[in-house]
Every structure is written in C-alpha cells, then in structure tokens.
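Please read the structure below before turning to the comments.
This one's a predicted model, so the numbers in the text were calculated from it and none came from an experiment.
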Amino acid sequence: MIKKTLKFIRNILIIIVAAVAVLLLYYTIREYRPDAQESLETGSGTEILSKGDSFSVLTWNTGYAGLGREEDFFMDGGTKVRPDSRKVVEKNLAGITSILQDQDADVLFLQEVDTDARRSYHVDEMAWYEETLGMDGSFAYNYKCDFVPYPWPPIGKVEAGIAILTDYQMTSAARISLPESFRWPVKTCNLKRCMLETRIPVEGTDHELVLINFHLEAYDSGEGKAAQSAMLAEKLTEEYEKGNYVIAGGDFNQTFDGIDAYPIHDTENWVPGVYSDEDIPEGFSLQAAQNVPTCRLLNAPYSGNYEDSQVYVIDGFLVSDNLTVDRIENIDTEFVYSDHQPVRLEVTLKEDM
C-alpha cells in the first residue's frame, strides 16, 4: 500500500514538473525578441518645420484607458487587474481624446497604448487615436505576450506600446531597444522597454528635429532604470553632437531633483526611483513642472485630493539647448481617465544655431 501511494505521488510530481517544463519552453519560444533597432512606419504628415518656428509637444501615459480615477492596480498595492467592462475603456478613451483635442499640441508622445490586450478588452487604441484626432504617427511595441499568467485572474494577452503622433513631415522612425530589467523566465512575459525615435527635417538646414518617446522601467530594483537612463543619455548626446535639435520625453518612473512639492508618504507600496541632475547629459535641461502632480499611486481609487492619495511628478522632457523653452506645464485632469496627467511643453527652434 505504501509503495502504491509513493508511486502515485511520484507520478503526480512527474506530471507537474513536465507541465511546468512545457510551459517554460512555450514562453521561451514565444518570447518577444525585438532587434536592437528596427525601422517603423512613419506618419503621413506634410507640415514643414523651419528655424524660428514655435511648436508644442504633449506627453501622456494614458494608462491603456483602463486606469481611471475609480481604479486600483495589483502591482501598486491594489487588487484589480483590469477595469470592469469595455464601456469603461471606451469612456476613458473618449475622455483622453477630448483632452488631447482641447490641448491641440503639434506633437503627441503617448505611452501605454494598447492595440490588442485583454486588460483593455482588445480595443485598438492606436487606431482610435489616429481616427478621432485626425493625426497619423508611429508606434513601437514595448509589450507583446500571448498570455501573461499572473496574477489571478491573469492579465492575459497584451500587445501594447508607445506612440508619436504629429502632422509634421517625418523622414524616418525607429524602435530602439532599451536594456532589459528582468532575467529568464520572468522576462519571457514581461515588458521590453524601448525608445521611439522619429526624425523631422528642419527646412533650410542640414539638421533635424529628433523626437524620442520613452517609458522607463517601473517595478525593478533600480538597476534597470539606471541602465535605461544611461542609454537614453548616450542617445541624446549622439544626436546633439550632430547638431540636431532634440526633445526626449515620457514617463521616467522616477522623481526629479528639485521637484519636491509632493513628498512621498506611502513607502509600503511602489516607490519611484530618483532621476538626478547627474543623469542629464551635457547640452540638455530637464523640463518638469510641479503645478500639479503627473501620476498617482494605484493602491486605491483616487481620493480626490493630493493629501490623501500618494502622488508624484515623474513625467517630463529632456530638451537640447538649441531650443528655447517657452513654457512647461502639467495639465490638471483630476486623474479622471488615467493614473497620469499630461505634460505640455512649448519650444522655439533657435535661429542662431
């Protein structure tokens, strides 16, 4: 009897080990492995940019239209994995689009844009923005997985990324891979962070306006964000030394030196890293405002005020000194449609460069 019981237990263990091995093999084979740099489709804009021109850039982590003020999120100390219905996603998309239309920025940097994901009920959000805004652009994946198996209920399928939309003429667009933050097997179903680079010619010069959208690591121990920040700095320096105008912006997932209007009082849940002045490459300035916060902690639905909810400033821009910064402002949306709020930058191309 004892032998039969031990044999039964052994067989069960063999089946479990085999199932885990097959699952790991599947995720390893199906892992999204983008090249270090990949060419992308450009937008179809035709507007021309010249020296002395002024224009606006707006960056916004849209939270895949699933992280409105009524939501929490399991990675931030909450419990939810996705909103309750497709209607919630569509309501948030409509609200996000309305704010973008009101802002009427010349260039949009958007992060957490889903194209086919269970968490956003498989709405193609890139197509939504292009159609409703009447703007074309470039899109780069930073998350592709057939089925993310955690938590419970699981996240499921995710195809998502970052986008740049503009009516300016683009000559090229590229996806540039950033250093990965996680090891096998976790990395097989995790984000593959990247920079989305687009190039806009500046009429009458041999130089370009280089626009770089990014969404740096959030949930690592710190090494990933540091490596990604270092690579970003190298890229900016390379373009600046060519004489190009450069604007990089997005979600740093880090607070900034000197931006201290919203101190961290919740240390039990997610705490962002710090992007220090030493991380800023020569010839660039960090442009970040603190009139309102740009992000909230998703440990609970939004309370309606900054004192009760943990908030941060973690979104902004890095701007080369051959551009004059005319204005930088965070747009107050009261976190109705996303856990982030947009940041608007207004600049002018210097004529004496």
Side-chain angles (χ1 to χ4, degrees), residues 19-42 61-67 73-75 81-82 89 109-130 137-165 172-198 212-221 223-232 235 250-253:
V20 171
V22 169
L23 191 63
L24 290 175
L25 178 61
Y26 171 82
Y27 276 105
T28 301
I29 292 172
R30 292 291 297 164
E31 181 183 357
Y32 175 48
R33 296 184 181 88
D35 294 336
Q37 182 162 329
E38 298 177 346
S39 296
L40 303 172
E41 291 186 8
T42 61
N61 183 330
T62 61
Y64 53 88
L67 296 174
F73 185 59
F74 76 98
M75 290 291 285
V81 176
R82 66 172 181 167
V89 174
F109 288 5
L110 303 180
Q111 302 92 41
E112 290 195 18
V113 178
D114 284 2
T115 57
D116 186 8
R118 178 183 180 275
R119 65 187 184 181
S120 52
Y121 294 85
H122 304 282
V123 177
D124 187 340
E125 297 176 352
M126 182 63 178
W128 175 295
Y129 292 130
E130 288 185 318
S138 296
F139 177 88
Y141 285 108
N142 66 5
Y143 204 0
K144 287 185 78 173
C145 183
D146 294 339
F147 190 88
V148 181
Y150 56 83
W152 190 260
I155 296 172
K157 181 178 182 179
V158 180
E159 290 188 6
I162 57 180
I164 295 179
L165 288 82
S172 67
R175 183 197 186 280
I176 302 171
S177 294
L178 287 167
E180 292 188 44
S181 300
F182 302 98
R183 297 181 179 180
W184 185 90
V186 174
K187 76 184 190 74
T188 61
C189 52
N190 217 312
L191 285 93
K192 300 296 193 294
R193 307 276 182 175
C194 68
M195 294 182 280
L196 170 56
E197 171 202 277
T198 61
I212 299 174
N213 184 6
F214 58 81
H215 184 187
L216 301 184
E217 189 57 63
Y219 297 109
D220 71 328
S221 58
E223 292 85 355
K225 279 190 284 286
Q228 291 170 4
S229 297
M231 183 174 176
L232 172 62
K235 175 64 178 173
D251 181 352
F252 286 76
N253 270 317

Please check if any side-chain donor atom of N253 sits under 3.5 Å from a side-chain acceptor atom of E217, or the reverse. no

CZ (F252) and CG (L232) are apart, to the nearest 0.5 Å, by 7.0 Å

Picking from L40, N142, L110, what satisfies side-chain contact (heavy atoms from CB on, under 4.5 Å) with L196? L40

Do you know which two heavy atoms are closest between Y141 and C194, and how far apart they sit? O-SG, 3.7 Å

Which atom of P185 lies closest to which atom of L24, heavy atoms considered: CB-CD2, 3.7 Å

side-chain contact (heavy atoms from CB on, under 4.5 Å), that's the test. Do V148 and Y143 meet it? Break it down for me. CA-CA 10 Å; V148 181; Y143 204 0; 3.4 Å; yes

Under a 3.5 Å distance rule, please check whether T198 uses its side chain to pair with a backbone N or O of A173 as donor and acceptor. no

Could you check whether any side-chain heavy atom of I155 comes within less than 4.5 Å of a side-chain heavy atom of F74, counting everything from C-beta outward? yes

What pair of heavy atoms forms the shortest contact from G161 to F139, and how long is it? N-CZ, 3.4 Å

Enumerate the residue pairs fulfilling salt bridge (charged side-chain N to carboxylate O under 4.0 Å, His left out) with a member in residues 223-232, sequence neighbours excluded, ordered by first and then second residue. D220-K225

So, Q111 side chain and I162 main chain: donor-acceptor pair closer than 3.5 Å or not? no

Set of residues satisfying ring-ring contact (aromatic ring centres under 6.0 Å, His included) with respect to Y129, sequence neighbours excluded: none

Closest non-hydrogen atom pair between I212 and K235, with its separation: CD1-CG, 3.8 Å

How long is the span from the CE atom in M195 to the NE2 atom in H215, to the nearest 0.5 Å? 15.0 Å

Tell me if a side-chain donor or acceptor on Y32 pairs with a main-chain N or O of C189 at a distance below 3.5 Å. no

From L165 atom CG to F109 atom CZ, the distance as rounded to the nearest 0.5 Å: 11.0 Å

With sequence neighbours excluded, residues passing side chain to side chain donor-acceptor pair (under 3.5 Å) with W184: T28

Between the main-chain N or O of R82 and the side-chain N or O of R118, is there a donor-acceptor pair closer than 3.5 Å? no

Counting distance only, does the side-chain N/O of R193 pair as donor-acceptor with the main-chain N or O of P179 below 3.5 Å? no

Can you pull the salt bridge (charged side-chain N to carboxylate O under 4.0 Å, His left out) pairs that have at least one residue in residues 28-38, sequence neighbours excluded? R30-D146, E31-R33, E31-K187, E31-K192

So with a 6.0 Å cut-off around CD of E41, is the heavy-atom count from everything else above 12? no

Looking at S229 and L216, what are the two nearest heavy atoms and their distance? OG-CD1, 3.7 Å

Minimal non-hydrogen separation, Q37 against A174, with atom names: NE2-CB, 3.9 Å

What pairs meet the salt bridge (charged side-chain N to carboxylate O under 4.0 Å, His left out) rule with one or both residues in residues 119-130, with sequence neighbours excluded? D114-R119

Not counting sequence neighbours, which residues clear salt bridge (charged side-chain N to carboxylate O under 4.0 Å, His left out) with R175? List them please. none

Measure the shortest side-chain to side-chain distance between Y219 and S181 over non-hydrogen atoms and say whether it is less than 4.5 angstrom. no

